[in-house]
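Heads up: the structure comes next, in structure tokens.
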Amino acid sequence: MEKSFHERVIEIIKNIPEGRVATYGQIASFAGNPKAARQVSYILHSSSQKENLPWHRVINSKGGISLKFEGGYELQKKMLMNEGIIFNNNDIIDLKQFLWRP
DNA sequence: TTACTGACCTTTT
DNA sequence: AAAAAGGCCAGTA
């Protein structure tokens, strides 16, 4: 019996260390579905605060935040900066440095 | 039950 | 190299 994708994603996000970020595609891939990256976003919104998950450590493939300025863009940026992550001039994170790789 | 949406990714032109 | 289109899965109404 295997866990659902929902639980799987949460487990992975919980395993993201500090000062590191993970992309949706990566999480989905580790969850078992490389093409379910969209679900990761949905799950985050569904149970991020519920499960107390570090949703701020989850970003898109570009290394930037897909949220809107009113959706918490500044909030996430602030959280990541607080962890030690640095943003480029384009508001992009250096995936080469902060991308979480197990 | 079916249909639609979604904090996306990958591949092709 | 950049831009555009398609595709897939899961949850919610």
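Order of the sequence lines fixes the chain letters, A, B, ..., with proteins taken first and strands second; residue numbering starts at 1 for each chain.
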Between [N] ([atom2]) and [X] ([atom1]): distance, integer Å:
X: A:Met79; N: B:dA7; atom1: CE; atom2: C1'; answer: 15 Å
X: A:Gln49; N: B:dA7; atom1: CD; atom2: P; answer: 15 Å
X: A:Tyr24; N: C:dC8; atom1: OH; atom2: C1'; answer: 17 Å
X: A:Asn33; N: C:dA10; atom1: CG; atom2: P; answer: 6 Å
X: A:Phe30; N: B:dC8; atom1: CZ; atom2: P; answer: 21 Å
X: A:Glu7; N: C:dA10; atom1: CD; atom2: C1'; answer: 14 Å
X: A:Lys62; N: B:dA7; atom1: NZ; atom2: C1'; answer: 11 Å
X: A:Leu95; N: B:dC9; atom1: CG; atom2: C1'; answer: 14 Å

Please check: side-chain N/O of [X] versus main-chain N/O of [Y], any donor-acceptor pairing under 3.5 Å?
X: A:Asn60; Y: A:Lys62; value: yes
X: A:Arg57; Y: A:Ile16; value: yes
X: A:Asn15; Y: A:Glu11; value: yes
X: A:Ser47; Y: A:Lys50; value: no

With rounding to the nearest 0.5 angstrom, report the [atom1] to [atom2] distance, [X] to [Y].
X: A:Arg38; Y: A:Asn33; atom1: CZ; atom2: CG; value: 14.0 Å
X: A:His56; Y: A:Lys78; atom1: NE2; atom2: NZ; value: 13.0 Å
X: A:Gln76; Y: A:Ile93; atom1: CD; atom2: CD1; value: 7.0 Å

Hey, does A:Gly25 reach any base, or is it just sugar-phosphate, or nothing, if we go heavy atoms under 4.0 Å?
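Here A:Gly25 touches the backbone only, sparing every base.
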
Got a sec? Which of residues 35-47 of chain A come in under 4.0 Å of DNA chain B, heavy atoms?
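Only A:Ala37, A:Arg38, A:Gln39, A:Ser41, A:Tyr42, A:His45 qualify.
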
Distance-only donor-acceptor test (3.5 Å): side chain A:Tyr73, base B:dA7:
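It does not, because no donor-acceptor pair links the side chain of A:Tyr73 to the base of B:dA7 below 3.5 Å.
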
Identity of whatever pairs with B:dT11 - Watson-Crick or G-U, under 3.5 angstrom
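The base-pairing partner of B:dT11, which may sit in any strand shown, is C:dA4.
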
